[in-house]
Amino acid sequence: MVKAMDDLEVKSVGCVSHTLQLAVHEGLLSQRSVIDALATARKIVGHFKHSPLAYSRLEDIQKDLKMDVKRLQQDVQVRWNSSLYMLQSILEQKRALSVYAADYSLPATLTANQWTLMEKTAEVLAPFEELTRDVSNPTASAADVIPAITALKRVLSREKTTDQGVRTMKSTLLEAVETRFAEVEEEPLYSIATLVDPRYKDRFFTKSDNMRLATDNLILEVAKIERAASEEPEAAEPMRKTPRQEASSSLGSVLDEILEENQLEARSVSTSADVQVQTYLSEKTSPRKSNPLHYWKDNSSRFPSLAAVATRFLCAPCTSVDSERLFSAVSNVLDEKRNRLSPDRVEMLIFLKKKLHLIVKPESESE
């Protein structure tokens, strides 16, 4: 994918979801006790996966305890969220597993400390899971990256009295996130997209220099649109990156908290592009659950050039997840045994598959 973008000479950024995967992987491997607890959990889940009799016995215990009958989830070590799902499934079935272990043998057992550690590990990883779901959404854009990373770093930096046993993992996760996303605010594709998203604007930049330069780059983009509209093209100054400087609540609540803290910094206004940008930034942000495209549809007459910039930058996805899902869907439609479908027919089938969940099914009728 990287080579394709390079060959096309198209500006691109990395997949946020994959970068987050690398950061979490480093954090999970930072503490030996967490590694041991995960290994023990895998043995327990594997025992029930490979023994229908053992699983049947566990089902009977779940029914006797009036619990929901659920299967334990096996993790895939290259996908950190599968490890989280495995921990959550085991924690949910703690009572049933304890009863099972009293009557039958297991390949491994979890100590009281390991149970506690697993609970804390699942709690630490929950914001990463929330962020991954948000950025993997088909409607997510490059504008969601800077706010999400800013909120995630704040969540990880907060110390709690219940952090005993996972402090090393939290600090390593924070360090990994800061390292892998060190230049996220300096990348114009992210910074401008964040500014033109009415839900975020300039409220989530952690460095004032990055915020000012992002605003300057946005003004340059608006000025380019205005010059093109007036048919007086001039050499535009390229977007610049900020020189690199050396130097639990849910993710959603932290995003709202940061919005409340940050106020617009006053600055001088001179050109028409300045007026549009500063007027837009001075207004209150939109609700976080609103659709930014609806805002620009309603306000395109007030900020015509700024709306044009927004339509360009808000269309960029922040992950390759949706593209990968598309390739997977195509592989189920077109294969070696079904290779004579026309391109138009394949595209139509994929479109129907993607939009099928939006179709309201009619009430069942008698035949």
Side-chain angles (χ1 to χ4, degrees), residues 1-25 76 78-85 125-152 177 180-181 184 187-194 196-200 204 251-252 255 286 288-297 309-335 341 343-360:
M1 287 186 285
V2 174
K3 188 178 188 305
M5 301 304 285
D6 290 342
D7 289 348
L8 290 170
E9 296 183 353
V10 175
K11 184 69 175 176
S12 66
V13 290
C15 174
V16 173
S17 182
H18 286 83
T19 305
L20 202 64
Q21 161 77 25
L22 297 174
V24 176
H25 187 67
V76 180
V78 296
R79 295 187 179 273
W80 73 267
N81 52 347
S82 66
S83 298
L84 173 62
Y85 300 150
L125 293 179
F128 286 90
E129 166 63 10
E130 184 180 351
L131 191 156
T132 302
R133 285 199 313 269
D134 290 345
V135 300
S136 300
N137 192 297
T139 61
S141 72
D144 296 301
V145 178
I146 291 177
I149 297 302
T150 301
L152 180 62
V177 170
R180 295 192 175 276
F181 293 96
V184 68
E187 172 54 57
L189 286 178
Y190 287 137
S191 61
I192 295 179
T194 304
V196 296
D197 192 316
R199 301 169 299 169
Y200 307 132
F204 289 90
L251 209 62
L255 285 165
S286 300
R288 200 164 53 81
K289 297 297 183 181
S290 63
N291 189 328
L293 297 180
H294 291 168
Y295 172 91
W296 287 113
K297 180 180 179 181
V309 175
T311 56
R312 287 181 52 215
F313 283 85
L314 291 179
C315 68
C318 52
T319 72
S320 60
V321 173
D322 214 36
S323 299
E324 293 172 8
R325 288 173 181 162
L326 176 61
F327 276 94
S328 298
V330 172
S331 67
N332 293 328
V333 174
L334 192 66
D335 55 28
L341 290 171
D344 290 341
R345 184 60 57 87
V346 172
E347 186 173 351
M348 181 182 67
L349 291 172
I350 296 301
F351 176 82
L352 289 175
K353 182 179 185 303
K354 186 175 180 63
K355 300 298 180 182
L356 193 59
H357 67 283
L358 298 177
I359 300 176
V360 179

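Met5 contributes atom CE, which lies 10.5 Å from atom CG of Asp7 (distance to the nearest 0.5 angstrom). To the nearest 0.5 angstrom, Asn137 atom CG is 10.5 Å from Arg133 atom CZ. Atom CD of residue Glu347 and atom CG of residue Leu352 lie 11.0 Å apart, to the nearest 0.5 angstrom. One finds the OG1 atom of Thr132 at 10.0 Å from the CG atom of Leu125 (value rounded to the nearest 0.5 Å). Residue Glu187 holds its CD atom at 9.0 Å from CD1 of Ile192, rounded to the nearest 0.5 Å.
Looking at every heavy atom in both residues, Ser290 comes nearest to Arg199 through O-CD, 3.3 Å. Closest heavy-atom contact between Ala142 and Tyr190: O-CD2, 3.6 Å. Phe313 and Val196 make their closest contact through CB-CG2, 4.4 Å (heavy atoms, listed as atom of the first residue, atom of the second, distance). When all heavy atoms are compared, the tightest approach of Ala143 to Thr194 is O-OG1, 3.6 Å. Listed here is the closest heavy atom pair of Val135 and Cys318: O-SG, 3.5 Å. Minimum heavy-atom separation, Leu189 to Val13: CD1-CG1, 3.9 Å.
In terms of modelled atom types and a separation under 3.5 Å, the side chain of Thr319 and the main chain of Val16 share no donor-acceptor contact. Side-chain N or O atoms of Ser82 include one that pairs as donor or acceptor with a backbone N or O of Val76 at under 3.5 Å. For Glu129 (side chain) and Asn81 (main-chain N/O), no donor-acceptor pair under 3.5 Å exists by modelled atom type.
The side chain to side chain contact (heavy atoms under 4.5 Å, CB included) search around Leu293 returns Asn291, Leu314, not counting sequence neighbours.
Taking the side chain as every heavy atom from C-beta outward, Val177 and Phe128 approach each other to under 4.5 Å. Two residues are said to be in side-chain contact when any heavy atoms from C-beta on lie closer than 4.5 Å; Phe181 and Leu152 fail this criterion. Side-chain contact between Pro317 and Asp322 is absent, with no heavy atoms from C-beta onward closer than 4.5 Å.
Enclosure of atom CZ in Arg345 is not indicated, since only 12 or fewer non-hydrogen atoms of other residues, nucleotides or ligands lie within 6.0 angstrom.
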Carefully, step by step, assess Gln21 and Trp80 under the rule side-chain contact (heavy atoms from CB on, under 4.5 Å).
-> CA-CA 7 Å; Gln21 161 77 25; Trp80 73 267; 2.9 Å; yes
Acceptor/donor pairs from residues 324-331 side chains to any protein atom, 3.5 angstrom cut, sequence neighbours excluded:
from, atom 1, to, atom 2, distance (Å)
Glu324, OE2, Ser320, OG, 3.0
Arg325, NH1, Ser136, O, 3.4
Ser328, OG, Glu324, O, 3.1
Ser331, OG, Ser328, O, 2.6

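At a cut-off of 3.5 Å, with distance as the only test, a side-chain donor of Tyr200 or Asp144 sits close to an acceptor on the other residue.
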